[in-house]
Amino acid sequence: MAGEPDRVPVMYAGLKRVLSPFLRRFFAFHVSGLEHLPERGPFIVAANHANYLDGVVLATAIPRKISFLVMPRVYRATRLHPYFHDHVGSIPISLARPDPGAIRRALRVLEQGGVVGIFPEGPFSQYGKLVRGQPGVALVALRSGVPVVPAAISGTFRALAARRFFVPRRVPLAVRFGKPIRFTQPRQRATQGLRADVTGRIMEEIAALLAADGSRAPAAVSQ
C-alpha cells in the first residue's frame, strides 16, 4: 500500500471544524467505538442510511477524511451539489447498472491508504429500518482486502422525518463503530454467492450495533 493521502480538501476540513462543536451542542452528538478504527492504513466504513445527515455525522465522527460513494440523486441534488461533492472527494456511483469506474476510484483511494465510506443499503431507508444491502461494499472489500468497519448511525431518521426544507429537529444523534472485519479470499473469485455472503455479514454487524445502541432495526437481513 502507498502512504496515506495527507491532503484534506479545504472545504472538507472547514466543515468538520464547524460541524463537530455544532452537533455536540445542539444534537448531543455522541460517538462510541472509536478504538475500533484503524489509526493508519486503508479501511472501509459501512453504515446504515436514512438521509443526508448520515454522511455529515459519519464524516464528523471519524478523525480521518472519508471518500464517500454517493448515488446520482445525491450527487446531483441541486446545481451546486456536484461542485460540493467534487471538492470534498466524493465518488459518484450508479445503482442502476454496474459501475466499474466508481469501483476503480474507490479501490484507488484504498490503494493510497485512504478511507472509503459506503452505505450498503444504497437509497435512503424510507421507514428508518435497516434493509437488504447491495453487493458493492462486498466487491470493494474483496478486491481490496482491507478491513471493513461496521457503523450504526442513530437519530438521523427521526431528525428529518416529515420535516420541511430538510431542517433537522433537535434530537440526539449518535454513531457506534464495531470491530473491523476482514474478508480475505486468496485466489478466489468474488462470485455472486460470495458477495452475497460478505454483504450479509456486514449487514448483520450493522444490525447488531443498532440493536446495542437501542435503535429499532430488523433482524439481520437475509440475502
Side-chain angles (χ1 to χ4, degrees), residues 1-17 19-20 31-49 54-71 74-75 82-94 98-120 133-153 175-190 194-195 198-199 201-202 205-206 209:
M1 290 292 180
E4 291 182 37
D6 55 5
R7 180 178 175 273
V8 178
V10 173
M11 185 180 292
Y12 190 103
L15 285 171
K16 283 198 69 166
R17 281 196 296 270
L19 287 170
S20 183
V31 181
S32 58
L34 282 171
E35 68 276 11
H36 298 313
L37 298 178
E39 293 183 5
R40 302 182 63 185
F43 67 90
I44 298 164
V45 58
N48 57 302
H49 201 19
D54 298 321
V56 173
V57 299
L58 204 55
T60 304
I62 293 182
R64 297 170 57 189
K65 174 187 174 293
I66 309 174
S67 295
F68 285 101
L69 286 170
V70 298
M71 56 188 177
V74 174
Y75 184 79
Y83 174 87
F84 168 78
H85 284 293
D86 288 345
H87 281 74
V88 298
S90 300
I91 302 171
I93 185 169
S94 172
D99 192 342
I103 299 298
R104 283 195 297 269
R105 288 184 62 187
L107 291 172
R108 192 176 305 125
V109 169
L110 296 170
E111 287 169 359
Q112 294 172 348
V115 180
V116 169
I118 301 178
F119 298 109
Q134 301 192 31
V137 62
L139 186 60
V140 177
L142 290 167
R143 287 191 179 179
S144 66
V146 307
V148 178
V149 176
I153 301 171
V175 178
R176 179 186 292 270
F177 296 105
K179 295 180 180 179
I181 319 165
R182 276 192 179 272
F183 302 98
T184 54
Q185 301 291 334
R187 301 184 183 88
Q188 189 170 355
R189 292 180 57 216
L194 179 58
R195 294 197 304 271
V198 169
T199 303
R201 170 73 189 285
I202 293 169
E205 293 295 327
I206 295 173
L209 289 168

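Taking CG of L58 as the reference point, atom CZ of F119 lies at 5.5 Å (rounded to 0.5 Å). In this structure, S90 OG and Y12 OH are separated by 9.0 Å, a value rounded to the nearest 0.5 Å. The CD1 atom of I118 sits 7.5 Å away from atom CD1 of I93, with the distance rounded to the nearest 0.5 Å. Distance check: I103 CD1 to R143 CZ gives 7.0 Å after rounding to the nearest 0.5 Å. Note that the CD atom of Q134 and the CZ atom of R195 stand 12.0 Å from one another [nearest 0.5 Å]. In this structure, R64 CZ and R40 CZ are separated by 9.0 Å, a value rounded to the nearest 0.5 Å.
L194 places none of its side-chain heavy atoms less than 4.5 Å from the side chain of F183. In this structure, P180 and R182 have side chains that are not in contact, with every pair of non-hydrogen atoms separated by 4.5 Å or more. Between P92 and R105, some side-chain heavy-atom pair lies under the 4.5 Å cut-off.
Counting all heavy atoms, side chain and backbone alike, P150 lies closest to L209 at O-CD1, 3.5 Å. Heavy-atom minimum distance, F43 versus L110: O-CD2, 3.5 Å. Residues A151 and I206 share a closest heavy-atom pair of O-CG2, 3.7 Å. Across every non-hydrogen atom of S144 and L107, the tightest pair is CB-CD2, 3.8 Å. In terms of heavy atoms, P120 sits closest to A47 at CD-O, 3.2 Å. Nearest heavy atoms, A102 versus I91: O-CG2, 3.8 Å.
Between the side chain of S20 and the backbone N or O of K16 there is no donor-acceptor pair closer than 3.5 Å.
Under the side-chain contact (heavy atoms from CB on, under 4.5 Å) test applied with V115, the options L37, I44, I66, V149 reduce to a single match, I66.
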